[in-house]
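Input: a single structure, listed below in structure tokens.
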Amino acid sequence: MSSASADLDGAVVLVTGAAGGIGAAVARRAADRGATPVLLDRDGAGAQDQADALSTGRGTPAVAITADVADEASVRSAVATALRRLGRIDAVAHCAGISGPVGSPLEQVLLADWQRVFAVNATGAYLTLKHTLAALRRSSRGAAVLVASDSAFVAAPGMVPYCASKAAVVQLARALSVETAGEVRVNAVCPSVVDTPMSRGDLDRGDFTGADYPVHRPEDIAEHVLFLVSPAAVGVHGTALAVDFGYSARSAFPA
Ligand SMILES: NC(=O)c1ccc[n+]([C@@H]2O[C@H](COP(=O)([O-])OP(=O)(O)OC[C@H]3O[C@@H](n4cnc5c(N)ncnc54)[C@H](O)[C@@H]3O)[C@@H](O)[C@H]2O)c1
């Protein structure tokens, strides 16, 4: 570990959605920086596989916990397990999320699908923070990052539930950052397409070779998440970091 990457040395970082995609990359990069990740996912076997592959800071093994972020009892129990095993939580990276129906016009979106998207993406963020905030407040470097999406700000047709849920996640981060100012920094990261199982499924692609749009690597998004939870981001509260190759900055002016 280089000194430049030691900013998370010894920290306990709870990562939701850590069995794959962005969450798994966050857990890997956190371990590279000397942190001990807690990998929480409804796919417990996948989280355990990721944890087994990590060598963590100070030799403390990563912890994998099976939990559904949309279920309060499950989140409460997972956080209690993490605290029992590791004694504290210094940072939270909430990466668990689902796309819901992709390509369905709103009139065809089933209420159950709408509710599930909000349950995982928005309620999941609320429950994860609700049950980790006390521990984050006890930490001298308490910070949380919610992985939202550029879909909080811009939209493609056929993804209304997802876009609305991600806008809720951004405002959750902003509102909570006001409430926890001086104790816990809360921010959001808003990427455009990232090469993960989610995007490959949504876009029906085996990979992104030859794509005529830019695609992030999960490792790069992990770096943005870890910057925001690290002490290097002191003073950064309530921001929604757009990571979209500048697409949302483009005006309609024909130049
Ligand atoms: N991939 C993209 O293009 C992209 C772009 C912008 C934002 N995002 C967001 O990034 C986050 C991570 O997405 P990803 O692309 O890595 O997706 P992914 O599907 O590859 O990984 C998501 C992980 O979350 C877990 N998960 C889903 N529902 C859960 C629940 N109820 N409880 C616990 N775990 C649950 C899954 O098991 C999986 O391991 C999501 O919030 C997603 O909306 C993704």
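Indexing begins at 1, ligand by ligand and atom by atom, following the structure's order. Computed over heavy atoms, backbone and side chain alike; hydrogens, waters and symmetry mates excluded.
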query = If you count only heavy atoms, which residues are under 4.0 Å from ligand 1?
reply = Gly17, Ala19, Gly20, Gly21, Ile22, Asp41, Arg42, Ala67, Asp68, Val69, Cys95, Ala96, Gly97, Ile98, Arg116, Val120, Val147, Ala148, Ser149, Tyr162, Lys166, Pro191, Ser192, Val193, Val194, Thr196, Pro197, Met198, Ser199
Counterpart residues, side-chain hydrogen bond (donor to acceptor under 3.5 Å, both in side chains), relative to Arg29 (two or more places apart) = Glu223
Pair listing, salt bridge (charged side-chain N to carboxylate O under 4.0 Å, His left out) test, anchored in residues 176-201, at least two apart = Arg137-Glu183, Asp195-Arg200
task = Count the heavy atoms of every other residue, nucleotide or ligand shown that sit under 6.0 Å from CG of Asp204, and state whether that count exceeds 12.
result = no
query = Does a side-chain heavy-atom distance below 4.5 Å link Val15 with Val225?
reply = no
inquiry  = So for atom CZ, which belongs to Arg205, do other residues, nucleotides or ligands contribute more than 12 heavy atoms lying within a distance under 6.0 Å?
reply    = yes
Would you mind writing out the side-chain donor-acceptor pairs for residues 117-124 within the sub-3.5 Å range, not counting sequence neighbours?
{"residue": "Asn121", "atom": "OD1", "partner": "Ile98", "partner atom": "N", "Å": "2.9"}
{"residue": "Asn121", "atom": "ND2", "partner": "Ile98", "partner atom": "O", "Å": "3.0"}
{"residue": "Asn121", "atom": "ND2", "partner": "Ser165", "partner atom": "OG", "Å": "3.1"}
{"residue": "Thr123", "atom": "OG1", "partner": "Phe118", "partner atom": "O", "Å": "3.4"}

